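For the numbers below, each heavy atom of this structure counts, side chains included, while hydrogens, waters and symmetry mates do not. Not measured: the values here are computed from a predicted model.
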Amino acid sequence: MKKLLIIHGGGPTAVINASLYGAITEARRHSNTEVYAAIGGTGGLLKGNIREVGHIPQQQMELLLSTPGSAIGTSRDHLEPEQYVRMAEILKENQIGYVLCNGGNGSMDMCGKLYAACKEQGFNIRVMGIPKTMDNDLAITDHSPGYGSAARYIAQSVQELCADVRSLPIHVVVLEASGRNAGWITAASAMARKQESDGPDLIYVPERPFIEAEFLEDVSALIQKKKSAVVVVSEGLTGPGKEPLVPPVFKVDRSVYYGDISAHLANMVIQKLGYKARSEKPGLLGRASIAMQSSVDLEEAKLAGELACTAVLEGESGKMVAFKRVSTSPYKIEPFLVEIEKVMLTERTLPDEFINARGNYVTDAFTQWCKPLLGAELPDMVAFN
């Protein structure tokens with residue numbers, strides 16, 4: 001009998017449970033395979049909190065596809081070398097021969113270190129990574145499950161925000177999007193624009209230094225032109241010297257809790273331009289919205305879980321499922337396996353060709369790349385003003 005364990009790591013997404021669904025469904029096709037989950041991520045595994053999940057009723061299985069968060073729990077534990085050894089020992093003690101690690105940068109680092117620990121201990125335990133990150137900053141893969149839904153959320157939210165501001169153009173609105181060092185989610189707000197007159201008006205990503213004078217100049221021009229502006233900014237914006245615009249209020253290892261940069265910039269508009277401004281910050285709503293779930297993201301998350309399960313049961317180890325973009329129109333991807341050491345803590349940021357020269361918007365190349373990931377077209381809206 002084969003025993004397979006699934007571990008979730010890092011922040012959840014709108015489709016992480018779809019990868020869980022895919023992995024369990026694929027494992028069920030192998031009659032000699034039992035499926036378990038580490039309840040609460042690596043912290044749960046270290047406590048021996050392992051639960052059998054292979055016999056979940058099909059009705060509950062289907063609910064995984066429309067349930068946000070992680071149905072088995074996740075964690076952001078800082079792990080020391082001896083804890084990886086201990087996890088390997090726990091796997092051995094529980095006769096687990098196959099492990100699927102589902103997560104982003106930190107989780108793929110954990111995946112690679114757990115794989116190495118199992119090898120060093122001489123345990124015949126195969127380990128495979130399933131990509132997951134709303135931030136879309138995993139290396140090698142064209143994109144990661146979780147991003148498409150987060151991109152759709154920010155795009156439709158900005159579309160709705162712009163309709164509101166257009167109807168009463170009396171202020172500047174600064175919306176803050178997630179993304180420490182990579183501006184993929186912030187950039188996706190551009191998908192709200194269906195015609196030239198639509199917003200957002202300005203987009204600032206962390207890949208480019210934020211220059212206060214240029215920001216105020218751009219906003220001032222918009223106020224003169226249309227009496228309003230919708231500005232989307234990344235939480236991780238830094239100045240020309242790489243200093244955070246707003247110092248983090250809390251930081252532990254890779255986990256950073258940023259100050260309110262949207263409020264900071266809105267206050268800047270008020271104080272330096274003398275114009276009404278307000279800030280908005282969706283925060284965790286951007287990764288927890290099933291209403292904005294991308295159909296493409298959902299299917300690719302399931303696929304990633306299925307392929308990881310198949311690969312590890314067929315003898316692959318120390319790798320991660322990744323996607324190669326074959327075509328954008330029509331949209332087509334090819335999945336493949338990449339060595340986990342090529343992914344571990346290697347952050348993928350927006351390339352230069354996706355950011356305009358002034359650093360205050362994205363390019364057509366980005367919107368063409370991003371569009372198919374959102375799934376169905378965003379709704380059309382009407383305005384007579």
Q) Is a donor on one side and an acceptor on the other found under 3.5 Å between the side chain of Thr363 and the backbone of Glu353? A) yes

Q) Atom CG of Leu45 and atom CD1 of Ile39: how far apart are they, to the nearest 0.5 Å? A) 11.0 Å

Q. Taking 4.0 angstrom as the limit, do Arg29 and Glu26 come out as a salt bridge?
A. yes

Q | Salt-bridge criterion met for Arg86 and Glu80 (N-O under 4.0 Å) | A | no

Q.
Is any side-chain heavy atom of Arg325 closer than 4.5 Å to one of Tyr331?
A. yes

(Q) Around atom NZ of Lys324, are there more than 12 heavy atoms from other residues, nucleotides or ligands closer than 6.0 Å? (A) no

Q. Are the side chain of Thr13 and the backbone of Gly146 linked by a donor-acceptor contact shorter than 3.5 Å?
A. no

**Q.** Exam field: side chain Asp109 to backbone Leu345, donor-acceptor pair closer than 3.5 Å
**A.** no

Q: Kindly indicate whether the side chain of Lys3, heavy atoms from C-beta on, has any atom under 4.5 Å from the side chain of Asn94.
A: no

Q: Return yes when atom NZ of Lys92 has more than 12 non-hydrogen atoms of other residues, nucleotides or ligands closer than 6.0 Å, and no otherwise.
A: no

Q) Should Leu20 and Ile6 count as side-chain neighbours, where that means a heavy-atom distance under 4.5 Å? A) yes

Q) Between Ser75 (side chain) and Thr42 (backbone), is there a donor-acceptor pair under 3.5 Å? A) yes

Q | Side chain to side chain, Asp135 and Ile185, heavy atoms closer than 4.5 Å | A | yes

Q. Got Leu138 and Val343 here, is their nearest side-chain heavy-atom distance under 4.5 Å?
A. yes

Q | Arg193 side chain vs Pro200 backbone, donor-acceptor pair below 3.5 Å | A | yes

Q | Arg180 side chain vs Glu235 backbone, donor-acceptor pair below 3.5 Å | A | no

Q. Are the charged groups of Lys226 and Asp201 less than 4.0 angstrom apart, N to O?
A. yes

Q: Could you tell me which non-hydrogen atom of Ser70 sits nearest to which non-hydrogen atom of Pro12, and how far apart they are?
A: N-CB, 4.0 Å

(Q) Between Thr74 (side chain only) and Gly10 (backbone N and O only), is there a donor and an acceptor less than 3.5 Å apart? (A) yes

Q: Would you indicate whether the side-chain heavy atoms of Leu91 and Cys118 approach each other to under 4.5 Å?
A: yes

Q: Before giving the answer on side chain to side chain contact (heavy atoms under 4.5 Å, CB included), spell out for Met87 and Leu79 the whole-Å C-alpha distance, their side-chain angles and the decisive distance to 0.1 Å.
A: CA-CA 10 Å; Met87 283 196 293; Leu79 300 172; 3.7 Å; yes

Q: Mind checking the OG-CD1 spacing from Ser228 to Ile170? Nearest 0.5 Å is all I need.
A: 9.5 Å

Q.
A side-chain contact here means heavy atoms from C-beta on lying under 4.5 Å apart; do Val158 and Val232 qualify?
A. yes

Q: Check Ala117 against Val85 and note the closest heavy-atom contact, atom names and distance.
A: CB-N, 4.3 Å

(Q) Between Thr67 (side chain only) and Leu63 (backbone N and O only), is there a donor and an acceptor less than 3.5 Å apart? (A) yes

Q. Between Leu313, Val127, Thr33, which is the residue that forms a side-chain contact (heavy atoms from CB on, under 4.5 Å) with Tyr98?
A. Leu313

Q) Does the side chain of Met110 come within less than 4.5 Å of Cys101's, by heavy atoms? A) yes

**Q.** Inter-residue atom distance Ile154.CD1 - Ser178.OG, 0.5 Å rounding
**A.** 7.5 Å

Q: Evaluate the side chain to side chain contact (heavy atoms under 4.5 Å, CB included) criterion for residues Val312 and Leu100: first the C-alpha distance (whole Å), next the side-chain angles of each, then the deciding distance (0.1 Å), finally the verdict.
A: CA-CA 8 Å; Val312 78; Leu100 299 180; 3.8 Å; yes

Q: Please collect all ring pair (Phe, Tyr, Trp, His ring centres under 6.0 Å) contacts where either partner lies in residues 266-325, sequence neighbours excluded, each pair once.
A: His143-Phe323

Q.
Glu377 vs Lys371, test: salt bridge (Lys or Arg N to Asp or Glu O under 4.0 Å). Steps then yes/no.
A. CA-CA 9 Å; Glu377 286 279 345; Lys371 185 177 181 179; 3.3 Å; yes

Q: Would you indicate whether Lys47, at its atom NZ, is surrounded by more than 12 heavy atoms from other residues, nucleotides or ligands within a distance under 6.0 Å?
A: no

Q) Say you draw a straight line from CD1 of Ile290 to OG of Ser66; how long is it, rounded to the nearest 0.5 Å? A) 6.5 Å

Q) According to the interplanar angle, ranging from 0 to 90°, do the rings of Trp184 and Trp369 count as parallel (below 30°), tilted (30 to 60°) or perpendicular (above 60°)? A) tilted

(Q) Show every side chain to side chain donor-acceptor pair (under 3.5 Å) that has at least one partner inside residues 204-215, sequence neighbours left out. (A) Tyr204-Asp218, Glu212-Lys272

Q. Do you reckon Ile355 sits in the same ILVMFWY cluster as Phe215, going by side-chain contacts under 4.5 Å, direct or chained?
A. no

Q. Looking only at atom types and distance, does a side-chain atom of Thr141 sit under 3.5 Å from a main-chain N or O of Ser144, one as donor and one as acceptor?
A. no

Q: Not counting sequence neighbours, which residues clear salt bridge (charged side-chain N to carboxylate O under 4.0 Å, His left out) with Glu217? List them please.
A: Arg358

Q | Donor + acceptor pair across side chains of Asp137, Asn181 (<3.5 Å) | A | no

Q: Using atom types as modelled and distance alone, determine if a side-chain donor or acceptor of Glu280 lies under 3.5 Å from a backbone N or O of Pro282.
A: no

